Protein chains: 2
Amino acid sequence: MSKETNKASEPAPTPELDRRKTSILGTVVYEYIATGEPVGSATLTQKYNLGVSPATVRAEMAALEDEGYLDQPHTSAGRVPSDLGYRYYVDRLIQPEVLGTEERELIRTEIHRARTQLDSAVDHASHVLSNLTRSIAFAVSPRLDSQTYRHLQLIWVNAHHVHVVLVTELGTAAQATIESAREVDPDQLTRACNTLNARLAGRRLNEINAALLTELTRDNALPAELLRALAAMFATHGDLELERRLFAGGANNLLDQQEFRDFRTLRAILELLEEQQTLYRWLQESLQHEGATVSIGHELGSADMNECSVVTIPYKVGDRTAGALGVLGPRRMQYARLLSLISHVADSLNTLFQNETPA
Amino acid sequence: MSKETNKASEPAPTPELDRRKTSILGTVVYEYIATGEPVGSATLTQKYNLGVSPATVRAEMAALEDEGYLDQPHTSAGRVPSDLGYRYYVDRLIQPEVLGTEERELIRTEIHRARTQLDSAVDHASHVLSNLTRSIAFAVSPRLDSQTYRHLQLIWVNAHHVHVVLVTELGTAAQATIESAREVDPDQLTRACNTLNARLAGRRLNEINAALLTELTRDNALPAELLRALAAMFATHGDLELERRLFAGGANNLLDQQEFRDFRTLRAILELLEEQQTLYRWLQESLQHEGATVSIGHELGSADMNECSVVTIPYKVGDRTAGALGVLGPRRMQYARLLSLISHVADSLNTLFQNETPA
DNA sequence: TTTAGCAGTCGGCACAGGAGAGTGCTAATC
DNA sequence: GATTAGCACTCTCCTGTGCCGACTGCTAAA
């Protein structure tokens with residue numbers, strides 16, 4: 001299972017708390033996640049065998065509040081975890097939840113279903129994730145550069161537009177329509193396409209650049225513009241990959257969560273889903289880390305998102321990181337379960353995309 | 001401009017009201033759409049020059065309520081239009097709103113932008129519609145059958161999967177991955193594909209059926225299954241066209257409307273968007289009518305949708321109805337403006353898809 | 001037929017008071 | 001010195017009351 005990365009406070013890891021504080025903090029977080037109600041000292045001692053009296057718990061909770069791990073909605077209410085409290089819980093206290101076999105099976109079959117298109121496997125992954133977590137799930141389609149070229153089809157649409165379909169060893173990987181200011185000759189296009197297929201089969205896509213394409217198609221010169229676009233498709237340069245598809249779904253689950261009964265939050269999330277930019281950025285950031293990344297409340301960087309948390313995880317095609325998926329839910333989410341689920345979904349994708357001939 | 005069709009009460013058109021009742025009903029609807037507040041007799045006589053006193057207006061409103069055109073939220077409140085009231089307004093009283101030139105221009109340019117893919121034009125249409133109406137817009141991609149074959153590309157993915165890209169005179173029209181239980185030979189596929197392109201160019205897609213495909217590819221026999229799937233792609237049979245893409249967006253506009261501050265309604269709509277089935281059915285029904293179709297409140301057939309209205313309109317490719325688009329908003333929507341907008345968007349699509357060589 | 005006037009109805013809001021939950025503090029206890 | 005019982009205190013939430021304002025329906029006069 002993947003390790004979760006501390007994202008917001010990279011240089012200053014949370015200091016360690018003594019055993020009893022740890023135990024109380026953990027119990028408060030656990031209980032609050034389960035019930036959604038502020039947790040009082042009495043409840044805590046009754047439901048969990050802590051071996052101390054409510055008065056002691058009160059003192060410790062007051063201390064934990066001073067140190068910033070707990071919040072108090074108002075004077076006469078119980079305690080609620082703060083962002084820091086959740087952070088400590090996620091970084092140190094969480095223990096991976098074991099998934100039921102039926103869940104594991106569901107994930108596997110669902111993801112393996114439509115496997116001739118890489119896109120569609122990721123789409124399915126996002127769907128199954130949103131259903132299992134009853135939250136919003138999102139994912140970005142895989143980058144191509146480390147995959148192996150199998151077949152390219154250049155289809156002449158009209159003098160200024162060429163449709164491209166790329167098939168890699170893993171299946172149909174990308175399609176796009178490229179516009180060219182210079183006119184494209186259909187016959188030259190066909191011949192160039194044949195040459196490319198003859199010469200490029202088996203190559204890694206990231207070895208293929210505009211210069212190579214130009215050289216191979218010298219006899220049937222195509223517009224440089226077209227070749228550049230083609231090369232760009234193969235070797236995704238940095239962050240400019242706006243063409244990659246983003247899947248998001250599960251907005252109907254929003255209203256199950258009491259924290260989303262607030263219209264400000266609700267609107268913020270719906271706008272997020274509509275514009276997609278931010279989701280995309282979160283996934284992009286996730287690519288930097290090995291395992292799952294958890295971002296809690298204010299760490300998301302928007303006041304309207306203070307009641308939310310996001311969990312993201314990268315997935316691989318072959319041996320290389322190719323994309324990522326994520327879940328957006330209430331800050332009061334079941335982190336243990338969610339981390340297990342998302343890790344398993346990512347693992348399933350990895351397995352599917354691992355060997356070069358899945359079908 | 002298109003005529004709106006009475007959808008729910010086809011056989012029994014609303015009876016005509018006398019001049020004064022008509023005027024009062026119209027004013028109530030107009031005022032309520034503008035303000036969102038129940039309309040009282042005093043407000044009405046003050047803001048609109050009706051030539052009668054509040055008392056008379058009260059009597060008429062009471063009558064209109066008896067006849068079912070108005071509702072009263074509670075005894076001491078003003079009146080609100082009922083579904084029947086809106087229906088009368090839409091069918092008889094509405095006068096088309098003239099769009100500003102900047103709006104017309106926006107629609108035109110936005111739709112003409114990505115025009116090498118039919119899908120993408122419809123997608124853009126849906127987007128521009130949701131932005132201009134600040135509501136949810138949705139649309140289904142065009143059916144193909146009346147278009148002209150230009151080019152077909154069959155791409156061998158693996159022994160059991162073939163990727164198909166179809167280009168018609170209007171541009172890239174469809175792509176799909178077809179699964180075949182019987183093995184497909186790559187060389188035969190290529191030769192069959194060449195034959196088809198040589199023989200089918202210029203034909204109407206609906207003239208092409210499985211029998212014709214089988215005959216043309218007799219020399220390079222392909223699995224019957226594959227040919228059937230191919231034929232199905234061309235000649236969309238009735239309602240079985242689950243492969244056609246549906247676009248929907250604008251959920252973030254939901255919260256602008258006070259009627260969507262209700263969680264029941266909100267959830268119902270979010271679920272609608274997620275499952276897509278119902279949206280699809282509405283569009284399907286819209287194809288039966290010439291112009292715009294307006295469905296008001298209970299006419300949508302779901303209790304959770306009582307506060308909503310839907311406007312749909314078909315669009316054409318060539319001279320034949322090929323798809324439809326729609327807007328989902330509050331029952332208290334600006335029907336006049338909305339009908340103008342959606343009609344203009346549909347007209348723009350029609351123009352774009354009219355001639356056989358747009359690019 | 002229309003209108004002015006008036007009594008009646010109802011929702012919404014502000015306000016007060018009581019119940020309940022949970023705290024912090026202090027003094028006694030281990 | 002750490003822990004605990006007891007208690008006064010604080011604050012939210014709920015409920016009930018009373019008032020204000022908006023609009024109606026009815027009746028009698030124009």
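Throughout, protein chains are lettered first and strands after them, A, B, ... in sequence-line order, and every chain is numbered starting at 1. The shown structure was predicted, so the numbers you read here are calculated from the model rather than taken from an experiment.
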### Task
Go through DNA chain D in 5' to 3' direction and return only the first and the last nucleotide with some atom under 4.0 Å of chain A's heavy atoms.
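That gives a stretch of D:dT3 to D:dT12.
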
Sequence neighbours left out, what passes side-chain hydrogen bond (donor to acceptor under 3.5 Å, both in side chains) with [X]? Give chain and number order.
{"X": "A:Glu103", "value": "A:Arg337"}
{"X": "A:Arg261", "value": "none"}
{"X": "A:Arg281", "value": "none"}

With sequence neighbours left out, what residues match [X] under side-chain contact (heavy atoms from CB on, under 4.5 Å)?
{"X": "A:Ser23", "answer": "A:Thr27, A:Leu50"}
{"X": "A:Ala248", "answer": "A:Phe138, A:Leu246, A:Leu273, A:Leu279"}
{"X": "A:Asp262", "answer": "A:Arg264, A:Thr265"}
{"X": "B:Ala55", "answer": "B:Ser53, B:Arg58"}

### Message
Can you list, in residue-number order, the parts of residues 18-36 of chain B that come under 4.0 Å of DNA chain D, counting heavy atoms only?
### Response
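Contacting residues: none.
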
### Task
Just grab all the salt bridge (Lys or Arg N to Asp or Glu O under 4.0 Å) pairs involving residues 28-40 of chain B, residues at least two apart or on different chains.
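The answer is B:Glu31-B:Lys47.
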
List every contact pair, protein side and nucleotides 18-22 of chain C side both N or O, where the distance is under 3.5 Å.
from, atom 1, to, atom 2, distance (Å)
C:dG22, O4', A:Ser76, O, 3.2

### Task
Apply ring-ring contact (aromatic ring centres under 6.0 Å, His included) to B:Phe263 and A:Phe263, showing your working.
CA-CA 10 Å; B:Phe263 289 109; A:Phe263 289 110; 5.4 Å; yes

### Task
Output all residues satisfying ring-ring contact (aromatic ring centres under 6.0 Å, His included) with B:Tyr48, sequence neighbours left out; order by chain, then residue number.
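If we apply the ring-ring contact (aromatic ring centres under 6.0 Å, His included) test to B:Tyr48, skipping adjacent residues, there are no hits.
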
